[in-house]
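Just below is one structure, and these are the notes that go with it.
Hydrogens, waters and symmetry mates play no part in the numbers below; they use all other heavy atoms, side chains included. We count ligands from 1, going down the list as the structure has it; atoms in each ligand are counted the same way.
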Amino acid sequence: MKIGIACDHGAYEAKEAIKEMLIEEGHEVKDFGTYSTASCDYPDFAYACAKSVSEKENERGIVICGTGIGVSITANKVKGIRCALCSETTSARLTREHNDSNVLAMGQRTCGIEIMKDIVHTWINTPYSQDERHQRRIDKITEIEQK
Ligand code: RB5
């Protein structure tokens, strides 16, 4: 799968660990930065990653900051993006099945790196259910986005 990944200084270690894991597993990973622990602004990186998903350059995106909140707010401003902030695997599974989320947000300060790797596995490998009721709700979100 083609996956974009981005972080700020508060999640650089997690981004590197998750990127390495995904590459080892055979995914094609595009790294949108940041590339060090030097202080930076999370919207710059989260936006670039989310935009690549919106423009279909990547199938999915993963955005990480200290809490995951700033990057998720940013990603959800981009048209066509359904970004889910997850800190455990049940939400990761359900957001794929119910929301067909295409960007995953996590927080390095609020979630351990091993747990984040499990969340990523679950989120990457769970298909969208395609149930009529879930599609109807997603279509309503899309309609709101177009207002
Ligand atoms: C950076 O200090 C911090 O604000 C950021 O990583 C994130 O937690 C924002 O939501």
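Between V63 and A46 the shortest heavy-atom distance is CG1-CA, 4.0 Å. Among all heavy-atom pairs drawn from D8 and T34, the shortest one is C-CG2, 3.4 Å.
Around CD of E28, the count of heavy atoms belonging to other residues, nucleotides or ligands within 6.0 Å does not exceed 12. Within a 6.0 Å radius of CD in E132, other residues, nucleotides and ligands contribute more than 12 heavy atoms.
Here is the list of ligand 1 atoms found below 4.0 Å of a heavy atom in G66: 5 (C), 6 (O), 7 (C), 8 (O). Heavy-atom contacts of H9 reach the following atoms of ligand 1: 1 (C), 2 (O) (cutoff under 4.0 Å). Below 4.0 Å from some heavy atom of D8 lie the following atoms of ligand 1, by number and element: 1 (C), 5 (C), 6 (O).
Considering each of G107, G70, A11, A105, the one bringing a non-hydrogen atom nearest atom 10 (O) of ligand 1 is G70.
For atom 7 (C) of ligand 1, the closest non-hydrogen atom on the protein side is C65 SG, 3.3 Å. For atom 4 (O) of ligand 1, the nearest non-hydrogen atom of the protein is Y42 CE2, 4.4 Å.
Using a 4.0 Å cut-off between charged side-chain N and carboxylate O, K19 and E16 make a salt bridge.
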